[in-house]
Amino acid sequence: MSDERLDRGRMAWTVAIGTAVGLAVAFGPAFIATFGLYIKPISAEFGWSRTKVSAIYSLVSIIGAAGTPFLGFLLDRRGSRQVIIVSSIALPCVLMLLPFIPRNYTLFLLVAVAVGLVSIIASPTAYVSLLPQWFSKRLGLAVALAMFGSGFGQFGLALMHGALLARIPWRSAWMVMAAFVAVVGVGAALLTARDRPSLCAIRRAGRSDDLEGQSLLSALRSPIFWTATLAFFFVQLITAAMLTHLAPLMTDRGLGIGQAAGVVAVIGLFSLVGRAVSGALLDRSGFGTLGVILFPMQMVGCLVFASGMGGIAPYVGASCIGLAYGVEADMLPWMLRHAFGLRCFGRLYGIAFGIVQLGSVMGPMVMSVSFDELGSYKIGLACLAVISLVATLLIAVAAQFSKRSIPMAAPAVV
């Protein structure tokens, strides 16, 4: 189908809206953005340090990062729909294992391994890989809409977890939310996840090389790929660090768990604002302008939390973190699609997303070491502020590389 007919039609926008719903209960909102609320209850019940409990993030992220590139190869060959359906069933199943863990750290880590294995297919990769099949000139808007769902999920699920934790034991709260993830996720997968039929036909015929775009090796040699991916890695590192440790940080300063959940939820709420800015700017101005505007907000947020101010300051800091939260997830597929085309999009996205996901390993470790070894979160927050500045510089450099390269034409025939 010619590129002029992309971005149009009921099915294209049904896929975009369905992607938003699916991402609202995908791995990020269902685990990464909400498990931080459970660190103190689990630590208190089992007598484990926060470093030991938050190690689940690192283990899950390592497994996810290692497996995502292989998922990319699968998506290029088989498409996204089957992967999305399987992941929507598997994710709540492994989440439901957590409340049954006794005081046994080995079993805790084994559950982390199971969650990590499912995170490979339950990451945004499969859902987001649908959008370049249906959109070209309006891809930025479509990705922003889809990621709006992810941000809304982070906001809504954090509030729901917080409300439940204030009323019932942590095990019961986690079970209720896992069931909610199952109902919404499976429904969205079955009703709206659709690969583009013409692309499916090309894949079945074994003619993927007929698609427009650079080869995998050529793309991996590009400085645009590595500078942009490294910038996104640093943004994810900061996001994971704050989502993991913000609730413990707030309760250490005297807030109740419900109030701490409210601060965490502000990150998700303001990520919606960031997604709105992304939708407005990405197709018009490119990823460089967007990154230079939003990435420094993370530095401001970290410095606000490091100051220790009370009142509305924590909500201001959370809003600054939220403005940049997830924008890298909007920018990554847009950059790959426009710089390298569709020929190896799934594989490139899998490799890049795997690298970015390693930020979820290092970020929580920075804050855990800061608290457990140095006695407070202040040093960790200062480190995150510096990392935010580095991410901003890298995305500016990537944008300059992009301007010097020949733009990738949209596919003539799909």
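The shown structure was predicted, so the numbers you read here are calculated from the model rather than taken from an experiment.
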(message) I want to check something: taking the side chain as every heavy atom from C-beta on, are Ile321 and Cys302 in contact at a cut-off of under 4.5 Å?
(response) yes
(message) Are more than 12 heavy atoms, taken from residues, nucleotides or ligands other than Phe70, located less than 6.0 Å from that residue's CZ atom?
(response) no
(request) Can you see which heavy atom on Ala396 is nearest to which on Val292, and at what distance? (result) CB-CG2, 4.0 Å
(request) Kindly indicate, with the supporting measurements, whether the criterion side-chain contact (heavy atoms from CB on, under 4.5 Å) is fulfilled by Val115 and Phe27. (result) CA-CA 9 Å; Val115 174; Phe27 182 70; 3.6 Å; yes
(message) Just checking His161 against Tyr38, ring centres under 6.0 Å apart?
(response) yes
(message) Between Ser370 and Val366 (side chain of the first, backbone of the second, donor and acceptor by atom type, cut-off under 3.5 Å), is there such a pair?
(response) no
(request) Please round to the nearest 0.5 Å and tell me the distance separating atom CE of Met362 and atom SG of Cys383. (result) 10.5 Å
(message) Show the nearest heavy-atom pair for residues Ile355 and Phe233, with the distance to one decimal.
(response) O-CD1, 3.3 Å
(request) Return the minimal non-hydrogen interatomic distance between Ala391 and Phe295, and the atom names on each side. (result) O-CD2, 3.9 Å
(request) Might you work through the side-chain contact (heavy atoms from CB on, under 4.5 Å) test for Ile84 and Leu130, ending with a clear yes or no? (result) CA-CA 10 Å; Ile84 290 170; Leu130 288 172; 3.7 Å; yes
(request) Flag the pair Leu107 / Pro102 as yes when at least one side-chain heavy-atom distance between them is below 4.5 Å, and no otherwise. (result) yes
(message) Contact between Val235 and Val327 at the side-chain level, heavy atoms closer than 4.5 Å - yes or no?
(response) no
(request) Locate the shortest heavy-atom distance separating Phe305 from Pro314; write the atom from each residue and the value. (result) CZ-O, 3.3 Å
(request) Indicate yes or no: at least one non-hydrogen side-chain atom of Ile42 is less than 4.5 angstrom from one of Phe35. (result) yes
(request) Would you give the length of the straight line joining atom CG of Leu358 to atom OG1 of Thr229, rounded to the nearest 0.5 angstrom? (result) 11.5 Å
(request) First locate atom CD1 of Ile387, then atom CG of Leu237, and finally report the distance between them rounded to the nearest 0.5 Å. (result) 5.0 Å
(request) Determine yes or no for a side-chain-to-main-chain donor-acceptor pair under 3.5 angstrom, with Ser368 supplying the side chain and Met365 the backbone. (result) no
(message) In this structure, is the centre-to-centre distance between the rings of Phe135 and Trp13 below 6.0 Å?
(response) yes
(request) Output yes when a side-chain donor or acceptor of Ser119 lies under 3.5 Å from a complementary backbone atom of Ala122, and no otherwise. (result) no
(message) So, using salt bridge (Lys or Arg N to Asp or Glu O under 4.0 Å) as the criterion, who are the partners of Lys40 when residues are at least two apart?
(response) Asp252
(message) Are Pro69 and Arg347 packed together at the side-chain level, in the sense that at least one heavy-atom pair is separated by less than 4.5 angstrom?
(response) no
(request) Enter the distance from Ile395:CD1 to Ile293:CD1 here, rounded to the nearest 0.5 Å. (result) 12.5 Å
(request) For the pair Arg81 (side chain) and Ala193 (backbone), establish whether a donor and an acceptor sit closer than 3.5 Å, ignoring hydrogens and angles. (result) yes
(message) With a 3.5 Å distance limit and no angle check, can you tell me whether Thr68 reaches the backbone of Phe353 through a side-chain donor-acceptor pair?
(response) no
(request) For Phe371 and His245, run ring-ring contact (aromatic ring centres under 6.0 Å, His included): C-alpha distance rounded to whole Å, both residues' side-chain angles, the deciding distance at 0.1 Å, then the answer. (result) CA-CA 10 Å; Phe371 181 86; His245 288 276; 7.9 Å; no
(message) Just to verify, what does Trp174 make a side-chain hydrogen bond (donor to acceptor under 3.5 Å, both in side chains) with, not counting sequence neighbours?
(response) none
(request) Kindly indicate, with the supporting measurements, whether the criterion side chain to side chain donor-acceptor pair (under 3.5 Å) is fulfilled by Thr239 and Glu328. (result) CA-CA 11 Å; Thr239 298; Glu328 83 284 354; 5.2 Å; no
(request) Report the C-alpha distance between Thr192 and Val21 in whole Å, list the side-chain angles of each, state the deciding distance to 0.1 Å, and finish with yes or no for side-chain contact (heavy atoms from CB on, under 4.5 Å). (result) CA-CA 9 Å; Thr192 63; Val21 175; over 6 Å; no
(request) Kindly indicate whether the side chain of Leu393, heavy atoms from C-beta on, has any atom under 4.5 Å from the side chain of Val397. (result) no
(message) To the nearest 0.5 Å, what is the distance between CD on Gln298 and OG1 on Thr392?
(response) 8.0 Å
(request) Keeping the roles fixed (side chain from Ser88, backbone from Ile85), state whether a donor-acceptor pair exists under 3.5 Å. (result) yes
(message) Other residues, nucleotides and ligands only: do more than 12 of their heavy atoms fall within 6.0 Å of NZ on Lys52?
(response) yes
(request) Please tell me if the side chains of Arg194 and Ser80 come closer than 4.5 Å, counting only heavy atoms from C-beta onward. (result) no
(message) Quick one, Val94 with Val111, criterion side-chain contact (heavy atoms from CB on, under 4.5 Å). Give me CA distance, side-chain angles, the key distance, then yes/no.
(response) CA-CA 8 Å; Val94 296; Val111 170; over 6 Å; no
(request) Can you measure from CG (Asp195) to CD (Gln82) and round to the nearest 0.5 angstrom? (result) 8.5 Å
(request) Return the set of residues passing salt bridge (Lys or Arg N to Asp or Glu O under 4.0 Å) with Arg171 (not counting sequence neighbours), or none when no residue passes. (result) Glu45
(message) Whether the side chain of Tyr315 engages the backbone of Gly262 through a donor-acceptor N/O pair (distance < 3.5 Å, no angle test) should be reported.
(response) no
(request) Would you confirm whether Ser388, through its side chain, and Leu384, through its main-chain N or O, come within 3.5 Å as a donor-acceptor pair? (result) no
(request) State, to 0.1 Å, how close Ala16 and Leu131 come at their nearest heavy-atom pair, and which atoms those are. (result) CA-CD2, 4.0 Å
(message) Do Leu71 and Val83 make a side-chain contact, defined as non-hydrogen atoms from C-beta onward lying under 4.5 Å apart?
(response) yes
(message) Check whether Trp226 reaches the backbone of Leu220 with its side chain - one donor and one acceptor, N or O, closer than 3.5 Å.
(response) yes
(message) Can you give me the closest heavy-atom contact between Ala260 and Thr251, atom names plus distance?
(response) CB-CG2, 3.9 Å
